[in-house]
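Note that ligands are numbered from 1 as they come in the structure, with each ligand's atoms numbered from 1 the same way.
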Amino acid sequence: MNDDARPLPTGASGVYLYPAAFEQVVAGLRAGIAAMAADEPFQRLAVPPVISRATLERAGYVASFPQLLGTVHSYPGTPAQWAELAPLAATGGDWHREQRIGDLVLLPAACYPVHASLAGRELAEPVRFAVEASCFRQELTSETGRMRSFRMAELVTAGTEEHCLAWRERWLERVTDWLAGLELKPSVEVADDPFFGRGARLYQAAQRMQQLKFELRVELGEGLVQAVASANIHKEHFGEVFGFTAGGEPGQTACTAFGLERITLALLHAHGPRTGEWPDGLRAQLGLDR
Ligand code: AMP
Ligand code: ZN
């Protein structure tokens with residue numbers, strides 16, 4: 001097999017094609033995450049790359065990150081009306097001027113549909129989900145590791161505050177050790193999300209002060225450090241928004257997110273583009289010899 005794992009550009013910035021050697025590493029990471037998760041009862045769910053627009057509106061995503069959201073539009077007109085627009089498609093004209101926003105948007109993170117699925121429940125015990133999704137974010141820059149379309153694996157839990165705090169702490173430690181075991185040396189940092197517009201700084205400061213988000217950062221290129229994973233608590237935000245409870249209080253949630261392309265790119269940066277030349281121990285760990 002061709003062992004050159006480097007992603008191929010597509011002409012669209014932040015969108016790449018991934019060779020088989022790259023996907024072998026991604027599969028190894030998936031297996032590694034699953035092995036770490038094996039001692040907790042995670043329910044595995046496949047997640048589609050779109051989500052109800054109403055769900056993301058309720059979750060506060062549109063208010064907080066309108067600049068990142070990709071909307072899905074489609075053509076609501078008749079074939080007769082289309083006859084006028086059709087020629088524009090061939091000439092790069094504005095064939096899309098009648099497009100209307102629909103009830104779905106592109107999924108920006110894998111955990112939103114999971115939180116929404118808990119609506120109406122009283123969680124007698126913590127619940128745990130293992131998910132993966134193709135995510136979309138309309139990023140403004142396209143340096144190495146900053147894609148618009150990328151895959152995110154997440155471990156998600158919901159329950160009481162006590163549970164979520166302890167769970168996040170444990171997973172932050174585990175993921176740090178796991179990345180160190182892959183010979184990536186992550187720095188662990190308190191982080192914030194790219195809130196947009198007025199009040200953004202205030203939200204970011206509050207998020208940092210409460211230590212809601214930790215990022216594990218690794219070098220992806222010369223002097224280019226990116227977050228390859230994050231460990232988050234959302235407090236009662238999703239319990240309140242979607243209406244689920246734990247111990248009679250609004251349910252709390254936490255998640256650990258892994259950027260599958262970013263971790264792979266960090267390995268490529270550390271060990272070179274040809275996976276056949278990676279250290280034997282690392283190859284074995286990622287199951288590349290099978
Ligand atoms: P976040 O929800 O921002 O904490 O994202 C979770 C993880 O997804 C990050 O730690 C990254 O590994 C990955 N990720 C986020 N944004 C991007 C992006 N634009 N391109 C590639 N990976 C990303
Ligand atoms: Zn999440």
Under 4.0 Å from a heavy atom of Ala227: which atoms of ligand 1 are those, numbered in the order shown and with their elements? 9 (C), 10 (O), 11 (C), 12 (O)
Tell me, which pairs form a salt bridge (charged side-chain N to carboxylate O under 4.0 Å, His left out) where one or both residues lie in residues 127-144, sequence neighbours left out? Arg30-Glu132, Glu40-Arg128, Glu139-Arg146, Glu143-Arg146
Which one of Gly145, Ala191, Gly259 has a non-hydrogen atom at the shortest distance from atom 21 (C) of ligand 1? Gly145
Polar contacts were defined as any N/O atom of the residue lying under 3.5 Å from an N/O atom of the ligand; does this apply to Lys213 and ligand 1? yes
Pick from Met152, Arg148, Gln226, Arg262: the one approaching atom 22 (N) of ligand 1 most closely through a non-hydrogen atom: Arg262
Atom 20 (N) of ligand 1 has as its nearest protein heavy atom Met147 N, 2.9 Å
Atom indices of ligand 1, in the order listed, that fall short of 4.0 Å to a heavy atom of Ala229: 10 (O), 12 (O)
Parallel, tilted or perpendicular: which describes the rings of Tyr61 and Tyr112, with under 30° parallel and over 60° perpendicular? perpendicular
Min N/O separation Glu139 to ligand 1 under 3.5 Å: yes
Does a donor on one side chain and an acceptor on the other come within less than 3.5 Å for Ser187 and Glu189? yes
Any idea how many protein N, O or S atoms are nearer than 2.8 Å to the Zn ion (ligand 2)? 3
Does atom CD of Glu249 have more than 12 heavy-atom neighbours from other groups under 6.0 Å away? no
Parallel, tilted or perpendicular: rings of Tyr18 and Tyr16 (30°, 60°): tilted
Does a side chain donor of either Arg148 or Gln138 reach within less than 3.5 Å of an acceptor in the other side chain? yes
May I ask you to identify the nearest protein heavy atom to atom 14 (N) of ligand 1, giving residue, atom name and distance to one decimal place in Å? Phe150 CE1, 3.5 Å
Apply side chain to side chain contact (heavy atoms under 4.5 Å, CB included) to Arg58 and Phe242, showing your working. CA-CA 8 Å; Arg58 280 176 72 190; Phe242 295 119; 4.1 Å; yes
Can a non-hydrogen atom of Glu261 be found less than 4.0 Å from any atom of ligand 1? no
Using a strict cut-off of 4.0 Å, indicate which atoms of ligand 1 neighbour a heavy atom of Val228. 10 (O), 12 (O)
Measure the distances from the heavy atoms of Ala109 to every atom of ligand 1 and state whether one is below 4.0 angstrom. no
Measure from NZ or CZ of Arg170 to the centre of the six-membered ring of Trp167, then state whether that distance is under 6.0 Å and the direction lies within 45° of the axis. no
Non-hydrogen atoms of Glu154 versus ligand 1: any pair closer than 4.0 Å? no
If we number the atoms of ligand 1 from 1 as shown, the ones under 4.0 Å from a heavy atom of Arg137 are 1 (P), 2 (O), 3 (O), 5 (O), 15 (C), 16 (N)
Quick one: do the Thr78 and Gln81 side chains pair a donor with an acceptor below 3.5 Å? yes
Taking 4.0 angstrom as the limit and counting only heavy atoms of Ala257, give me the atoms of ligand 1 inside it, by number and element. 6 (C)
Step through the shown structure and confirm whether more than 12 heavy atoms of other residues, nucleotides or ligands are within 6.0 Å of CG on Leu140. no
Tell me whether the centres of the aromatic rings in His234 and His115 are closer together than 6.0 Å. yes
Side-chain contact, heavy-atom cut-off 4.5 Å: Tyr75 with Glu98? yes
Measure from the side-chain N and O atoms of Asp94 to the backbone N and O of His96, and report whether any donor-acceptor pair falls under 3.5 Å. no
Is it the case that ligand 1 has an N or O less than 3.5 angstrom from some N or O of Ser230? yes
